[in-house]
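In what follows, a single structure is set out as structure tokens and then discussed.
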Amino acid sequence: MSYENSKESHIIYDHPRRIALVDCNNFYASCERVFKPAWQHKPVAVLSNNDGCIIARSNEVKAAGIPMGAPYFKCKKELDAIGAIVLSSNYSLYGDMSARVMDTLAQYTPDMEIYSIDEAWLDLTGFKLDTLTDYGRQIVKDTHRFTGIPVSMGIAPTKVLAKLANRVCKKQNIKGQVFDLTQVDDLDAVLASVDIEDVWGIGRKLSQKLREKHQIKTALDLKNTDANQMRRLYSVVMQRLILELQGHPCLFAEDVEPKKQIIASRSFGERVTSQDDLMQAISMHTARACEKLRSQGSVAGSISVSIRTSPFQAREPFFSRHASTQFVTPTADTSLMIKGASEALKHIYKKGPKYAKAGVMLNDIQQANEIQQDFFAEPSPKSDALMGVLDAVNQRYGKNTLFYGSQGVQHKWQMKRNNMTPRFTTSWSDIPKV
DNA sequence: TCTGGGGTCCTAGGACCC
DNA sequence: TCTGGGGTCCTAGGACCC
């Protein structure tokens, strides 16, 4: 096995490039099944925050025709009819299970890129080509055995093709859950079987345009276009996508950079009208956002606050506003941020609308050790120490052990989570009993 | 009655610099 | 090989992803 440094791997072509995309099958539903074996062959659906939409479905639920993202209240009957287990989302569990899957996958290549909570790219360039499929099957099998989570793998020379291979693998339930696109006799036939909207990077708008303007209906149709011309008509993103479909790598592993924008927002469990209630929610979101900010060693130059009513209520006009506060010196201090957020809220709050959601966004993010200081401001070394203690205590004793008074203690608008499973792997009190 | 949350990248266009 | 306004910074908005 020979392996090139990830930054240079796209320049050196000693070996044909081989990228594997590993994707957990029905991830959230699968996590729930790990600790409830009785649910193994039952339909399982997982809901978004506030028990709003369907965000994960077991195969049985998919087979019943219940679409991804559908509002729960609209498909409750169908779910009941098939005897589905319907659960509130349990992010502590999913986050921990994800870490286990990633730890396992990392054993099989020196170059892995975590792409989302349930997906990772494994660079297998330079591995022995004639045994790659077997190697993939081993990875899939081991991951299932070590974590309880079933996964699928697509292998190809580019990311777009690997993604496509993974999709075909799941759809056709390929043996061993590995589909190596470089091993098929008729690649074009495979591409012709994939609808244009199922190509990674082609969303709702683009697929509609491609279908209507260019009669492009499948991945094959798109592959057969002129990439340069399509760049002129669309964008460089489209050009790259086409080149990747043609087998020319354009997308490479990216280093994990600190976030440039941090968002914390939630819909309310029930509508909110008063400024006090809004401010409590915004204080909570601000505290959470600042925690994330500090955890990546950053400071932010501005905070933006947003409030809105429900966009789905036909009876009442949609109301949505946002405002931001700039800081002379970028900061990660929760109390300064809450103060800034409070000022912003005062500007935009209007009495009357029934608010459905509030949130904050931190912008102009920089590394804390690189900031331009304010010449006239008093330095406040106490802030860093205080935030350090705050984070350390909450880390050790659990979320919100220490919190700001403005966050309040009783939240009638708390999000709905009517059917959540225990935090089997992250809380001593929830540990499974045998 | 009930519709998630958190991100990224790209483009266009304006203001401004030399 | 041909030729030549070039360039930065900022914001808003659109599109995509999971």
Side-chain angles (χ1 to χ4, degrees), chain A residues 21-24 26-28 45-56 66-77 79 86 88-91 94-95 98 113-121 159-160 163 166-167 196-210 231-241 250-251 254-271 281 285 288-289 292-293 296 301-302 304 306 308-316 318 322 324 326 354 356-365 415-419:
Chain A
L21 176 69
V22 178
D23 190 328
C24 301
N26 318 327
F27 183 55
Y28 297 168
V46 179
L47 304 175
S48 63
N49 277 337
N50 266 315
D51 295 347
C53 299
I54 312 279
I55 53 168
I66 289 160
M68 177 73 172
Y72 177 43
F73 73 93
K74 282 191 180 171
C75 50
K76 187 169 185 306
K77 270 188 187 161
L79 287 164
V86 179
S88 306
S89 35
N90 183 348
Y91 285 102
Y94 312 150
S98 171
E113 181 192 6
I114 296 175
Y115 177 63
S116 74
I117 192 164
D118 72 331
E119 283 172 90
W121 305 100
K159 284 188 166 181
V160 170
K163 196 85 183 174
N166 185 279
R167 192 190 161 78
I196 188 66
E197 37 278 292
D198 296 335
V199 174
W200 188 44
I202 301 292
R204 207 164 34 90
K205 299 266 184 178
L206 281 176
S207 59
Q208 198 190 338
K209 258 193 192 170
L210 290 172
R231 174 177 182 156
R232 263 174 265 130
L233 291 172
Y234 293 89
S235 72
V236 65
V237 181
M238 177 68 83
Q239 182 190 30
R240 281 183 203 140
L241 207 155
C250 299
L251 305 175
E254 278 160 35
D255 297 329
V256 181
E257 301 280 334
K259 303 242 180 296
K260 296 168 186 168
Q261 174 173 83
I262 291 173
I263 297 172
S265 69
R266 284 282 180 278
S267 297
F268 301 124
E270 56 184 71
R271 302 286 184 258
H285 300 329
R288 207 155 52 85
K292 293 188 207 176
L293 185 70
Q296 63 171 30
S302 69
S304 163
S306 62
R308 68 161 171 77
T309 58
S310 167
F312 304 102
Q313 288 294 327
R315 283 165 300 152
E316 288 165 41
F318 179 57
H322 62 95
S324 54
Q326 315 276 332
K354 295 180 178 128
K357 183 175 178 176
V360 304
M361 183 160 83
L362 306 183
N363 281 307
D364 308 323
I365 292 178
M415 67 177 175
K416 270 191 290 186
R417 278 169 144 185
N418 288 335
N419 197 11

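Order of the sequence lines fixes the chain letters, A, B, ..., with proteins taken first and strands second; residue numbering starts at 1 for each chain. Quantities reported herein were computed from a predicted structural model and do not represent experimental measurements.
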Atom NZ of A/Lys205 and atom C1' of B/dT11 are separated, to the nearest Å, by 16 Å
Indicate whether OP1 or OP2 belonging to B/dG5 is found under 4.0 Å from a side-chain N or O atom of A/Lys357.
yes
Separation of C/dA15 atom P from A/Met238 atom CE, nearest Å, is 12 Å
Checklist entry - Reckon A/Ser116 has a side-chain N or O less than 4.0 Å from the OP1 or OP2 of C/dC17? => result no
Listing for DNA chain B: consecutive Watson-Crick or G-U pair runs of at least 3, distance cutoff 3.5 Å, ranges ordered by first number, gives B:5-18 with C:5-18
Does a donor on one side chain sit under 3.5 Å from an acceptor on the other, for A/Ser302 and A/Asn363? no
**Prompt:** Is there a side-chain polar atom (N or O) of A/Arg288 under 4.0 Å from OP1 or OP2 of B/dG6?
**Reply:** yes
note: A/Arg315, atom CZ; B/dT3, atom P; distance rounded to Å ~ 11 Å
Distance col, row A/Lys416:NZ vs A/Glu270:CD, nearest 0.5 angstrom, shows 9.0 Å
Of the listed B/dG4, B/dC9, C/dC18, the closest approach to the A/Phe312 side chain comes from B/dG4
Within the structure, does a side-chain N or O atom of A/Arg271 lie under 4.0 Å from either OP1 or OP2 of B/dC2? yes
A/Arg204 atom CZ is separated from C/dG14 atom P, nearest whole Å, by 12 Å
Notebook entry, point to check: For A/Lys163 and C/dC17, is the shortest distance between a side-chain N/O and OP1 or OP2 below 4.0 Å?
Noted result: no
A/Lys259 and A/Ile365 have their tightest heavy-atom pair at O-CG2, 3.5 Å
Base, sugar-phosphate, or nothing for A/Tyr72, non-hydrogen atoms under 4.0 angstrom?
nothing
- Query: Taking only side-chain nitrogens and oxygens of A/Ser265, does any of them come within less than 4.0 Å of OP1 or OP2 of B/dG6?
  - Reply: yes
> Taking the C1' atom of each, how far is B/dG4 from C/dC18, in whole Å?
Replying inline: 12 Å
Check whether any side-chain nitrogen or oxygen of A/Gln313 sits under 4.0 Å from OP1 or OP2 of B/dT3, and answer yes or no.
-> no
*Can you say whether the rings of A/Tyr28 and A/Tyr94 are parallel (under 30°), tilted (30 to 60°) or perpendicular (over 60°)?*
parallel
